[in-house]
Amino acid sequence: MSNSPDSKPEEMESFFETRASGYDEHMKNNVESFEELYDKVSQPIESTEEVIEILDLGCGTGLELAGILKRAPNSLITGIDLSEKMLKILENKYSKFMNQITLIKDSYTTYPFNKKKYDYIVSVMTMHHWLEGEKLDLYKKINSALKDKGKYIEGDYVTSKEEEKQFLLRYKEKIKLLDKKKIYHIDIPMTEEKQVRLLKEAGFKEVEVIHRANENRIFVAIK
Ligand SMILES: C[S@@+](CC[C@H](N)C(=O)[O-])C[C@H]1O[C@@H](n2cnc3c(N)ncnc32)[C@H](O)[C@@H]1O
């Protein structure tokens with residue numbers, strides 16, 4: 001979900017609070033190969049009846065959870081998101097599963113994760129707002145929250161080297177005027193190559209790109 005490059009940045013939380021009610025419809029109509037993306041994002045999760053632990057960063061209304069729950073129907077899922085309204089929609093959609101879903105209204109950048117707790121950590125369409133150093137720190141935190149051989153699955157959009165520079169220039173112009181302690185909805189997507197490099201730098205042993213549709217990618221990183 002992006003806004004026009006020249007629009008005034010909104011704080012992340014209020015950006016999604018304002019758009020929560022039309023969010024799913026917007027995504028269905030605007031995300032390239034929507035069904036395929038949300039279906040494929042759960043595929044690295046091995047089908048199991050066991051009680052496994054999954055963390056979903058920026059879970060929003062839970063679009064990715066349908067596929068995840070099909071593959072791991074007894075999984076314990078923790079979803080973390082800044083937007084109360086997005087979480088409320090998730091809760092209503094997945095009311096039958098709320099005995100196995102824990103929702104946390106907070107920022108995954110600062111919220112502490114337990115070490116070696118999760119079998120899988122997932123993020124979809126939420127990581128394109130972080131600078132290289134911030135993302136590297138986040139990937140290290142994700143890596144240490146995974147069990148040995150655990151998998152991090154990221155669905156997001158990438159960009160070309162040239163456009164990456166433009167996004168970054170616009171970001172720097174905008175952020176100059178803003179409070180750096182707050183989180184804003186400003187897109188700064190990276191190239192696929194940089195994403196892979198950062199995941200490896202964060203300590204993941206193997207990184208694979210399992211889906212490419214226009215600018216959308218799914219990365220799978222194994223601890
Ligand atoms: C485009 S939505 C994606 C939601 C869901 N993963 C999906 O694919 O439909 C991005 C979500 O990330 C959340 N988000 C962004 N930055 C966050 C942060 N620092 N901590 C927690 N949630 C965040 C937003 O509130 C929003 O619900």
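Keep in mind that this is a model prediction, so the values were computed, not measured. Keep in mind that the numbers below use all heavy atoms, side chains included, and drop hydrogens, waters and symmetry copies. Here, residue 1 is the first one in the sequence, and each next residue gets the next number.
Taken from CG in L103 to CE in M98, the straight-line distance is 4.0 Å, to the nearest 0.5 Å. Atom OG of S75 is separated from atom CD1 of I101 by 8.0 Å, given to the nearest 0.5 angstrom. Taking CZ of F97 as the reference point, atom CG of L76 lies at 13.0 Å (rounded to 0.5 Å). Once rounded to the nearest 0.5 Å, the distance linking CG of L146 with OH of Y120 reads 10.5 Å. Distance check: Y118 OH to I142 CD1 gives 11.5 Å after rounding to the nearest 0.5 Å. Taking CD1 of I218 as the reference point, atom CD1 of I210 lies at 5.0 Å (rounded to 0.5 Å).
Among pairs with a residue in residues 190-203, those fulfilling side chain to side chain donor-acceptor pair (under 3.5 Å) read E132-K194, E132-R197, K135-Q195, Y139-Q195, E154-Q195, E164-K194, E192-R212, E192-R217, R197-E201, at least two apart in sequence or across chains. Evaluation of the salt bridge (charged side-chain N to carboxylate O under 4.0 Å, His left out) test over residues 35-47, restricted to residues two or more places apart or in two chains, returns E36-K40. Every pair tested for ring-ring contact (aromatic ring centres under 6.0 Å, His included) that includes a residue from residues 40-77 fails, sequence neighbours excluded, so the list is empty.
Without hydrogens or angle criteria, S107 side chain to T109 main chain gives a donor-acceptor distance under 3.5 Å. With hydrogens and angles ignored, the 3.5 Å screen pairs a side-chain donor or acceptor of E134 with a backbone N or O of L131. No donor-acceptor pair under 3.5 Å is formed between the side chain of D81 and the backbone N or O of L87. Between the side chain of K223 and the backbone N or O of N143, at least one donor-acceptor pair lies under 3.5 Å.
Here the closest heavy-atom approach between residue Q100 and residue L69 is recorded as NE2-CD2, 3.6 Å. Between L178 and P9, the shortest heavy-atom distance links the atoms CD1-CG, 3.8 Å. Minimum interatomic distance between A20 and I89 (heavy atoms only, all atoms of both residues): O-CD1, 3.3 Å. Taking both residues in full, the closest heavy atoms of Y184 and I175 are given as CD1-CD1, 4.1 Å, listed atom of the first, atom of the second, then distance. Here the shortest heavy-atom pairing between L136 and A202 reads CD1-N, 3.8 Å. Taking every heavy atom of both residues into account, L82 and M12 meet most closely at CD1-CG, 3.7 Å.
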Output, in order, the C-alpha distance, side-chain angles, deciding distance and verdict of side-chain contact (heavy atoms from CB on, under 4.5 Å) for T159 and E215.
-> CA-CA 6 Å; T159 191; E215 54 191 5; 5.9 Å; no
Checking salt bridge (Lys or Arg N to Asp or Glu O under 4.0 Å) for the pair E173/R170: CA distance, chi angles, key distance, verdict?
-> CA-CA 5 Å; E173 270 311 302; R170 278 197 297 265; over 6 Å; no
Given V41 and I153, is the side-chain contact (heavy atoms from CB on, under 4.5 Å) satisfied, shown in steps?
-> CA-CA 7 Å; V41 93; I153 307 158; 4.0 Å; yes
Report the C-alpha distance between V31 and Y157 in whole Å, list the side-chain angles of each, state the deciding distance to 0.1 Å, and finish with yes or no for side-chain contact (heavy atoms from CB on, under 4.5 Å).
-> CA-CA 10 Å; V31 171; Y157 85 97; over 6 Å; no
Step by step, work out the side-chain contact (heavy atoms from CB on, under 4.5 Å) result for L198 and W130.
-> CA-CA 12 Å; L198 289 180; W130 314 115; over 6 Å; no
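There is a path of hydrophobic side-chain contacts, each under 4.5 Å, that joins Y111 to L138.
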Identify all side-chain donor-acceptor contacts of residues 48-63 below 3.5 Å with residues at least two apart in sequence or on another chain.
{"residue": "T48", "atom": "OG1", "partner": "E50", "partner atom": "N", "Å": "2.9"}
{"residue": "T61", "atom": "OG1", "partner": "D24", "partner atom": "OD1", "Å": "2.6"}

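In this structure, E13 and I183 have side chains that are not in contact, with every pair of non-hydrogen atoms separated by 4.5 Å or more. Side chains of S42 and I68 form a contact here, defined as non-hydrogen atoms less than 4.5 Å apart. The shortest distance between side-chain heavy atoms of M27 and F34 falls below 4.5 Å.
Not counting sequence neighbours, F167 has no partner by the ring-ring contact (aromatic ring centres under 6.0 Å, His included) test. Applying the side chain to side chain contact (heavy atoms under 4.5 Å, CB included) rule to S144 yields the partners K115; only residues at least two apart in sequence or on another chain are considered.
Atom NZ of K180 has more than 12 heavy atoms from other residues, nucleotides or ligands within 6.0 Å.
Between E84 and K105, none of the side-chain N atoms (NZ, or NE/NH1/NH2) sits under 4.0 Å from a carboxylate O, so this pair counts as no salt bridge.
Ring pair H129/H185 is tilted by interplanar angle, where 30° to 60° counts as tilted.
Donor-acceptor pairing under 3.5 Å is lacking for the side chains of S123 and Y108.
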